[in-house]
Amino acid sequence: LKKAPAVDPHQVVEEIISLYPAKVAKKRRKHIVVRDPSQQQQIEANVRTVPGIITQRGCCYAGCKGVVIGPIVDMVHIVHGPIGCSFYAWATRRNQGRPREDGHYYLHYCFSTDMQEDDIIFGGEKKLRAAIEEAYRIFKPKAISVHATCPVGLIGDDIQTVAKEMSQKLGIQVVAFNCEGYRGVSQSAGHHIANNGLFKHIVGLDDVEVEGYTVNCLGEYNIGGDAWEIERILERCGIKVLATFSGNASYDELRRAHMAQLNLVQCHRSINYMAEMMETRFGIPWMKVNFIGVKATSKTLRKLATFFDDPKLTERIEQVIAEEEAEAERQIAPYRKRLEGKTAMLFVGGSRSHHYQDLFRDLGMETIVAGYEFAHRDDYEGRQVLPFIKIDADSRNIEELHVEPDPERFRLRKPEEILAALKEAGIIDYYEGMMPDMPAGSIVIDDISHAELEILIRRFKPDIVCSGIKDKYIIEKFGIPSKQLHNYDYSGPYAGYRGAVNFAREIDMMINNPAWSYIRPPWEKTPVLKAEPVTS
Ligand code: CFM
Ligand code: HCA
């Protein structure tokens, strides 16, 4: 594909919309926005995909077991359902882990009740009980999680009661998640269910005093080793990561995570519920951060310095920034020379399509179209958050957290002037979404379909498209390199300073590889059968 001529984004949007019958067109139009920074723009998001449209989205079970709970390394995670649900999620996300000293480590296993027709007809509770018992007998894990897939909800197996019974019988925690795939409209419902279960049953169980500056990293899943690079940087600054939710997480670390002073939220979409519940019950403030990109990482570290407000720590952070930035920029410079001015499109779940724009900017590249699969409106538009920090004195009841907090029961934890400083630094008062960071004329598109992606590629001819496995090979058939921003195509880390260098090297190798110009898509070589919709 040759370089794209200047294209009118509004015209491309009209072309996309014209794909659909009138009713669907009306719906899809609300999911596509041409950026106009002079306006406070809105976008439709987090609604059902129109049946028949080929979406990139996954299901509730993927969001709960696959994303939030599965990465905990020393629990056994049992999938109650047909074997396919387990098999297709087996190690494909590339969330990395390491065994702790106690040796409990089950990340590479795939546990399933392997439901059959008989179980659908006569019920699967007996089989689930047996599976939990067998897993316990063989592995003696510290805790077990149980995840329901679609048929379990349809036939009505009571996994909560089974979990309670087995917990009593075995003397370990067995936590059940009703994350049947069909719940909600995407992975997003699964994140919420996982957050609630984790908070209700595990977080906050062990009070262990810790010294020094302590944080948790929320919404960081250690894909390709990202969490380890973040930990390395924070440790250099003198800040200890107590727990990561949930990349390479251990059960014990999660139980004492509430002892941290601050929660850093990397992927807000998948874990905002946890951040808010921990703030309400334990008085732990949280801030949205981004460790993707050189400049973004430095900005995040400076936010931390403002929060802890200790001149010594600030000095150390500034020194780390100076050293790490200089080294990363030195290594990125040769790649940047070859990448400057190139264009990218980003279509990933619920946070990376925003975060990676910072990293592409470090490489001199521009993101011309971006969208999330399942994010909510606040991830696109930004949102006001409560400008005070509160402690819930005695509530252990999760249901209470869903009602408006009663001011009598909360008290400000920090002195007024610290709060004012936090507000001024924009830390707890307001967070930005993807749209305000995108330039005029760029396109934001929610829950993109294959057909829409094809039009965008044909019209804009981007230098690289970043998305997932469902469309990777379609993109490559266009002669355009495709980088999977989910599992990093067997590579990583991409977070932090060293990750940015890895990313730069690989993006240069992909974009400036002459092989792409030799590709002739199959549909140009052999005629394609064309069908016309039948209208009555
Ligand atoms: Fe958060 Fe994620 Fe993402 Fe996500 Fe995902 Fe993922 Fe993703 Mo795939 S938690 S929203 S549900 S950053 S698995 S590690 S890559 S879609 S952009
Ligand atoms: C999921 C996991 C996924 C899928 C990636 C993809 C991941 O949503 O079930 O579609 O390529 O990151 O592994 O998002």
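When a ligand or atom number is given, it counts from 1 through the structure's own listing order.
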For [atom], which of the options [options] provides the nearest non-hydrogen atom?
atom: atom 2 (C) of ligand 2; options: Arg57, Arg93, Glu373, Arg352; value: Arg93
atom: atom 3 (C) of ligand 2; options: His486, Lys65, Lys472, Gln187; value: His486
atom: atom 2 (Fe) of ligand 1; options: Tyr221, Tyr356, Phe374; value: Tyr221

Around [atom], find the nearest protein heavy atom and jot down its residue, atom name and distance.
atom: atom 1 (Fe) of ligand 1; result: Cys267 SG, 2.2 Å
atom: atom 17 (S) of ligand 1; result: Gly349 N, 3.3 Å
atom: atom 10 (S) of ligand 1; result: Gly350 N, 3.2 Å
atom: atom 8 (Mo) of ligand 1; result: His486 ND1, 2.3 Å
atom: atom 14 (S) of ligand 1; result: Arg93 NH2, 3.1 Å

Legend entry - Heavy-atom gap Gly468 to ligand 2 smaller than 4.0 Å: yes
Inset, instruction - Mark yes or no: Arg269 above the aromatic ring of Phe374, with NZ or CZ under 6.0 Å from the six-membered ring centre and no more than 45 degrees from the axis. - result: no
Legend entry - Within 45° cone and under 6.0 Å: Arg98 NZ/CZ vs Trp228 ring: yes
Legend entry - Per-atom contacts, ligand 2 versus Lys470 - under 4.0 Å to a heavy atom: 10 (O)
Inset, instruction - Give the atoms of ligand 2, by number and element, whose distance to some non-hydrogen atom of Ala62 is under 4.0 Å. - result: 9 (O)
Inset, instruction - Measure across Ile155 and Asp119 and return the closest heavy-atom pair with its distance rounded to 0.1 Å. - result: CD1-O, 3.7 Å
Inset, instruction - Tell me whether the centres of the aromatic rings in Phe503 and Tyr356 are closer together than 6.0 Å. - result: yes
Inset, instruction - Just let me know how Tyr372 lines up against ligand 1, side chain, backbone, both or neither, with a heavy-atom cut-off below 4.0 Å. - result: neither
Legend entry - Under 3.5 Å: N/O of Ile469 near N/O of ligand 2: yes
Does [Y] offer a backbone N or O that forms a donor-acceptor pair with the side chain of [X] under 3.5 Å?
X: Gln484; Y: Ser482; answer: no
X: Asn512; Y: Met509; answer: no
X: Asn195; Y: Met274; answer: yes
X: Lys65; Y: His147; answer: no
X: Trp516; Y: Asp463; answer: no

Inset, instruction - Show your reasoning for whether ring-ring contact (aromatic ring centres under 6.0 Å, His included) applies to Trp523 and Phe478. - result: CA-CA 10 Å; Trp523 56 84; Phe478 277 99; 4.9 Å; yes
Inset, instruction - Say whether Ser351 and ligand 1 are in contact under the criterion: heavy-atom distance to a ligand atom below 4.0 Å. - result: yes
Inset, instruction - Consider ligand 1: state whether an atom of it lies below 4.0 angstrom from any non-hydrogen atom of His191. - result: yes
Inset, instruction - Within a distance under 4.0 Å of any heavy atom of Ser270, pick out the atoms of ligand 1 and give their elements. - result: 1 (Fe), 9 (S)
Inset, instruction - Could you list the atoms of ligand 1 found under 4.0 angstrom from a heavy atom of Val348? - result: 17 (S)
Inset, instruction - Apply the test ring-ring contact (aromatic ring centres under 6.0 Å, His included) to residues Tyr109 and Phe139: give CA-CA distance (whole Å), side-chain angles for both, the deciding distance (0.1 Å), then the verdict. - result: CA-CA 11 Å; Tyr109 285 94; Phe139 296 99; 4.9 Å; yes
